[in-house]
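Order of listing sets the numbers, starting from 1, for every ligand and every atom in it.
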Amino acid sequence: MILKIAKLPGDGIGPEVVAQAVKAVDAICKKFGHEVKYTYAPVGACAIDQCGNAYPESTHQVCLESDAVLFGAVGDPRYDNDPTSKVRPEQGLLAMRKQLGLFANIRPVETFPSLVGNSPLRRDLVDGADFLCIRELTGGMYFGEKGRLDGGDTAYDTNIYHRYEIERIVRLAYDYAMRRRKHLTVVDKANVLESSRLWRQIAREIEPEYPEVTTDYMFVDNAAMQLIRCPKFFDVMVTENTFGDILTDEASCITGSMGLLASASIGEHTGVFEPIHGSYPQAAGKNIANPLATILSAAMMFEYAFGLMEEGRCIRKAVTASIDACFVTEDLAAGGTPARSTSEVGDWVADYIANN
Ligand code: IPM
Ligand code: MN
C-alpha cells in the first residue's frame with residue numbers, strides 16, 4: 001500500500017516526538033512492504049513565525065491531500081503569557097480540527113501491567129483499567145460565539161450544541177461500545193446546563209437503537225470522581241468538548257504518565273493522530289520527552305486511517321516491550337533504572353519492530 005502522511009510536528013517537543021514516531025512508521029512499512037510518503041507542513045507557533053497564520057491554507061491543502069496527519073503539539077510560552085495576543089498557536093489546532101471536520105476525538109486509556117506502580121492511584125484500582133474516552137471535538141464552548149463587552153471587562157464563551165452534532169457523536173460512541181464490553185457512559189451536566197439537557201435527551205432517544213448496550217448517565221463532577229475512585233467501571237465514555245478535554249488529562253494519571261496517552265481525531269476529512277500531552281516547552285530540545293504517546297498515535301493511525309490492524313498491533317507490541325524492558329524516558333524511569341533519551345527510546349522501538 002502507498003501511505004501518504006502529512007507530517008505536522010508543530011512546536012515544543014512536537015518535532016522530537018514525531019521524529020521517533022516516524023522511525024516506527026518507517027520500520028513498519030519496511031517490514032510489511034508499504035511505501036510511505038511524508039509531506040511536512042507547519043502548524044502552531046512555528047507557522048505564525050513563518051506566515052502569521054497558525055494553520056495556513058497551504059498546510060490545510062497538505063492535510064486534505066494526505067491519507068492521515070501525524071501531529072505533534074502546538075503551544076508557545078510567548079503567547080501563554082500574553083492574553084492580548086491576536087494570534088495564538090492553539091488556533092492552528094482548532095482550525096485544523098474544524099476545517100477537517102474532525103468531530104470525534106478518541107482517547108484510549110489503558111494500563112500497562114509493568115507500569116501500574118507509576119500511577120499515583122492504588123495498584124488494585126488501576127490494574128486492568130481499559131476504557132475509551134470519546135470527546136466531541138468541533139462544538140461547544142471551544143467554537144461557540146465568544147467575545148468581550150463593557151470595554152473589555154466582561155467576557156463570554158457560548159456553549160452551543162446542535163442536534164446533528166450530538167446525534168453523530170453519540171451514535172459513534174454506541175458503535176464503539178458494541179465492539180467492546182457494551183457499556184456506555186454519557187457524561188454531562190444536565191442538572192444545570194441546557195446544552196447538556198439536549199445531550200441527554202438525544203442520547204435517550206438513541207439508546208433503544210442499541211438494546212445490547214447498557215447506558216448510564218453521569219454528571220461530569222461525579223464522573224471526575226468516579227474516574228479515580230473506580231476507573232475499571234468505564235468501558236466507553238462520551239462527552240462534550242470541554243468536559244472531554246479536562247477528563248482525559250485526569251485519566252492520564254491512571255496510566256502513570258501523560259506521555260503515554262495517544263489519540264485519534266476522525267470525522268469528515270483526513271484523520272489526525274496526536275499525543276494528548278501538548279508541547280511541554282520546558283523540555284523542548286532536551287531530548288527527554290516521552291515519545292511513546294506519539295508512537296502509539298502512529299499505531300492508531302495504521303488502524304483507524306489505513307485499516308492495517310496487524311501493523312498497529314506490531315507497534316503496540318514494541319511499545320509494551322520497551323516498557324517491560326524498562327527502556328523508558330525519565331517520566332517512567334523508577335527504582336534505579338536509568339532514564340533514556342527520547343531518541344534512544346525511538347531507536348529501541350524501531351529496532352524491536354525490525355527484529356521481532
Ligand atoms: C488537547 C489540547 C488542546 C485542547 C489545546 C492545545 C487547544 O489541550 O488536545 O487536549 O484544548 O483541545
Ligand atoms: Mn487537553
Check for me whether [X] has a heavy atom closer than 4.0 Å to any atom of ligand 1.
X: Gln91; value: no
X: Asp245; value: yes
X: Arg107; value: yes

Any Lys/Arg nitrogen of [X] or [Y] sitting under 4.0 Å from an Asp/Glu carboxylate oxygen of the other?
X: Glu209; Y: Arg171; value: yes
X: Arg168; Y: Glu268; value: yes
X: Glu274; Y: Arg97; value: yes
X: Asp76; Y: Arg88; value: no

Quick check with a 6.0 Å cut-off and a 45 degree axis cone: is Arg107 positioned over the face of Phe273's six-membered ring?
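No, a cation-pi geometry is absent between Arg107 and Phe273.
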Nearest to the Mn ion (ligand 2) - the N/O/S atom of Asp245, by atom name:
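Closest N, O or S atom of Asp245 to the Mn ion (ligand 2): OD1.
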Classify the angle between the aromatic ring planes of Tyr55 and His60 as parallel (below 30°), tilted (30 to 60°) or perpendicular (above 60°).
perpendicular
Quick check: Arg135 and ligand 1, any N/O pair under 3.5 Å apart?
yes
Any nitrogen or oxygen of Arg97 lying under 3.5 Å from a nitrogen or oxygen in ligand 1? Just yes or no.
yes
With atoms numbered from 1 as shown, which atoms in ligand 1 lie under 4.0 angstrom from a non-hydrogen atom of Glu90?
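Near Glu90, the atoms of ligand 1 are 6 (C), 7 (C).
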Would you mind listing which atoms of ligand 1 come within a distance below 4.0 Å of any non-hydrogen atom of Tyr142?
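Ligand 1 atoms under the 4.0 Å threshold to Tyr142: 4 (C), 11 (O), 12 (O).
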